[in-house]
Structures are given as structure tokens and as C-alpha cells.
Amino acid sequence: MTTVLAIETSCDETAVAIVNNRKVCSSIVASQIPVHQQYGGVVPEVASRQHLETINVAIAQAFEQAQLDWGKIDAIAATCAPGLVGALLVGLTAAKTLAMVHNKPFLGVHHLEGHIYATYLSESTLNPPFLSLLVSGGHTSLIYVKDCGIYETLGQTRDDAAGEAFDKVARLLKLGYPGGPVIDKLAQQGNPQAFALPEGKVSLPGGGFHRYDASFSGLKTAVLRLVQQLEKDGGQVPVADVAASFQDTVARSLTKRAIACALDYGLDTIAIGGGVAANSGLRKNLQAAAIKHNLRVLFPPLKFCTDNAAMIGCAAADHLSRGHTSPLTLGVESRLALTQVMKLYQPIE
Ligand code: KG4
Ligand code: ZN
């Protein structure tokens, strides 16, 4: 069994967890959302400063909640890519320093690999191969999970990520930041069939449409036009109906692509991860379609859908069990494809 202290500071949560393989001993998530709300989105420089102020307290709280001491920690991990550079640097530097001081192995973890591993925290028997639908504020991808560190991207968004679309539509409906949870709540009181919105398709050069790639920027513009028209007509904008129609369109688009991908590649399990995996409309839609096609859909508990460090620790424990560690010279990267994960680890002797 491997016990890992993990740190996640890629965006706007300062998160620290202690994980024993797939078992979460403690998970601390200090959200900066109230700080960024006044600006209507994440301000990178503010995020870095907040991480700096919070990180040491969060580490102490993780030990306290787990009732463990340094003697029980086998390795220290931190998210090193992708994300906001200044924010990532805080967590990575803390992890490398602690690894040096306590003379423990260090592992850098890819944020999206962490989101894939979030499903492992509640599914003790899940093993590759399976299909991962990653839907967060920065990414929308369909990933063929072949083994620890071995991934193939089968589909992605051509423009806005799903979470980004939720945030932008929430902004134009004047619902504040972050948009996903507010739209989700409002949509439950609205009619998803109230407005027909374009799903957004990606054309193929030879004709037809891409089966797995999605596009959400046209949908966002369609919502903007709809709202402008409704305002011009002088009536009150039925915000709940707009939210429900938008959410349903996103849910159907993602569901259709994930199901097609799983069936085409003969994968019987779809694991969903990232902040948008918390969306009730997407969960319902995907679950219903999966039952129809005899597929299994796994959702992490809500607290492990959005950013957390437990998922980072779980990924690191799996890498460490295979002898993978990272050099202390490892830096952060704002962008790094999931297919490049093994670059973070030293060759096995
Ligand atoms: O994975 P995450 O916490 O951070 C990133 O790695 O991006 O995802 C954050 C995104 C935000 O865009 C937020 O609006 C969205 O996830 N989100 C949701 C819900 N909860 C969070 N989107 C739709 N429905 C939700 N319930
Ligand atoms: Zn994330």
C-alpha cells in the first residue's frame, strides 16, 4: 500500500489530500471562488497569491484530518500541468521542498490524469481499458484509457470547453461565476424543450460530421442571440427555460459522442470526470443512453468531480507502484497533452 501527500493548485482551489492507494484518508479543498467572484472569473495573479496564503494551513489540516504523521507518507505529489503557471508553481514548489526536506520520492501529476483517477476513488475494482469523458472548465475530451499513463485522445472540443460554455452562458444571463452550478440549479425549474438550440457539429473535410469532436461556441452565440431577441421583444427573459434548453443541448451533444465512441471502440465502461461531471442533466442523459446500449457509466462523487487533491494522490500512488518518480528539476507547464504524461517520470531502471 502506498500513502501519498498530494497537492493541487492548478486553478482556483488550494487542495491537499492524503491518499492510501484508492482510499482517501483526508481531503482539504479551500475554494477561492468567493475571491474571484467579484471579478467575474479567475484572475491568475490573485489565484497565485491566494494559494501562497493557504497552502501551509491546508497541508496541516490534511494531516490533522487523516490523523497521520510524516512517518506514514511514502511520497509527495503535486499537479504540474496543465493550468495557470503561477498557481501551479505554488503547489509544485511546496511539494518539491517537502520531498527534499523529508527525503521522500516526488511525483508531478497531469491534472487531467487526476480527473480520470477521481473515478478510482469510489470504484475499487475499476481497471483499464475504459473510456473517460473529461469535461471541465478548460477541457472537453474523450480519452481511451489503456493503462496507467497510457492515453489516446479520441475526441475533443474544437473551441470552448463544456465548463467554459456553462460559464460564458451564465455570464450573459447575468448569473455570476462559476456558471455551471447556477445553470444546473435553474435548469431544474425550466423546460429543456422551450428553445431549440444548435448542438454544434464539426464538419469533416470530405463531407459529413465528426463523430466524437464537439463544438460549443456556436451554441453560446445562439444563446446570446436568443436572449437579445427576447429582450428586444420586450418580454422578460425566461432564464430557467433558457438555462434548461442550453444544458439539455450540451448534455445531448456529450452523451451522443461518448456513446458512439464507446461502441465504436468496444469499451463497455464510460467514466466521467471534471467539474461538468457534476451536472445533473448530463448525468441523467448519459445514464439513460448507457442503459439503452448496455454500457456502464461511472460518476465520481460530486466532491471529486471538481478540482481536488485526492484524485492527484490516487494517480501518483498508481505511478509510484510502477516505479515512476519525477526528477526534482521538473517544472510546470501551462499546456501539456495527456498523451505526454510519461514525460513527467524518470525512466525505470
Ligand atoms: O474540473 P473543474 O473543477 O476545474 C477545471 O479543471 O476546469 O471544473 C470547473 C468547471 C467550471 O466551468 C464550472 O462552471 C463547471 O466545471 N461546473 C459545472 C457544474 N459544477 C461545476 N458545470 C455544469 N454543471 C455543474 N453542476
Ligand atoms: Zn480540473
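For ligands, and for the atoms within them, numbers begin at 1 and follow the listed sequence. Any value given below was found using the heavy atoms of this structure, including those in side chains, with hydrogens, waters and symmetry copies removed.
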N-O pairing of Asp167 and Arg171 below 4.0 Å:
no

What I want to know is whether Gly163 and ligand 1 share at least one N or O pair that is separated by under 3.5 angstrom.
yes

Answer yes or no for His115: is there an N/O/S atom below the 2.8 Å cut-off from the Zn ion (ligand 2)?
yes

For the residue pair His319 / Glu113, report whether a side-chain donor-acceptor contact shorter than 3.5 Å exists.
yes

shortest atom 2 (P) of ligand 1-to-protein heavy-atom contact is with Asp307 OD1, 3.4 Å

Can a non-hydrogen atom of His111 be found less than 4.0 Å from any atom of ligand 1?
yes

By the rule that ILVMFWY residues connect when side-chain heavy atoms come within less than 4.5 angstrom, directly or transitively, which residues belong alongside Ile55?
Leu5, Ile7, Val16, Ile18, Leu52, Ile59, Phe63, Leu68, Trp70, Ile73, Ile76, Val90, Leu98

For a quick check under 3.5 Å, do Ser124 and Arg22 share a side-chain donor-acceptor pair by atom type?
no

Residue-ligand contact Pro181/ligand 1, heavy atom below 4.0 Å
yes

Under 2.8 Å: N/O/S of His139 next to the Zn ion (ligand 2)
no

Is it true that Asp264 and Tyr212 share a donor-acceptor pair across their side chains at a distance under 3.5 Å?
yes

Could you check atom 14 (O) of ligand 1 against the protein and tell me its nearest heavy-atom contact, residue, atom and distance included?
Asp167 OD1, 2.7 Å

Side chains of Thr14 and His51: is there a donor and an acceptor less than 3.5 Å apart?
yes

Of all the atoms in ligand 1, which lie at a distance below 4.0 Å from a heavy atom belonging to Ala278?
26 (N)

Please list, chain by chain and in numerical order, all residues satisfying salt bridge (charged side-chain N to carboxylate O under 4.0 Å, His left out) with Arg158, sequence neighbours excluded.
Asp213

So, the side chain of Asp307 versus the backbone of Glu13: is there a donor-acceptor pair under 3.5 Å, distance only?
no

How far is atom 26 (N) of ligand 1 from its nearest protein heavy atom, and which residue and atom is that?
Asp184 OD2, 2.9 Å

Identify the closest protein heavy atom to atom 24 (N) of ligand 1: which residue and atom is it, and at what distance?
Asn279 ND2, 2.9 Å

For ligand 1, which atoms sit closer than 4.0 Å to a heavy atom of Gly138?
7 (O)

Heavy-atom gap His139 to ligand 1 smaller than 4.0 Å
no

The one among Ala15, Gly180, Gly275 that brings a heavy atom closest to atom 21 (C) of ligand 1
Gly275

Under a 4.0 angstrom heavy-atom cut-off, which atoms of ligand 1 come close to Thr306?
3 (O)

Taking atom types as modelled, find out whether Thr79 and Glu8 have a side-chain donor-acceptor pair closer than 3.5 angstrom.
yes

Give the atom name of whichever N/O/S atom in Asp307 sits closest to the Zn ion (ligand 2).
OD1

Protein contact of atom 10 (C) of ligand 1 - nearest heavy atom, named by residue and atom, plus distance:
Gly137 N, 3.5 Å

Atom indices of ligand 1 within 4.0 angstrom of His115 heavy atoms, with elements
1 (O), 6 (O)

Face-on cation placement of Lys343 at Tyr345 ring, 6.0 Å and 45° thresholds
no

According to the interplanar angle, ranging from 0 to 90°, do the rings of Phe246 and Phe166 count as parallel (below 30°), tilted (30 to 60°) or perpendicular (above 60°)?
perpendicular

Honestly, for Gln247 the part within reach of ligand 1 (heavy atoms, under 4.0 Å) is neither

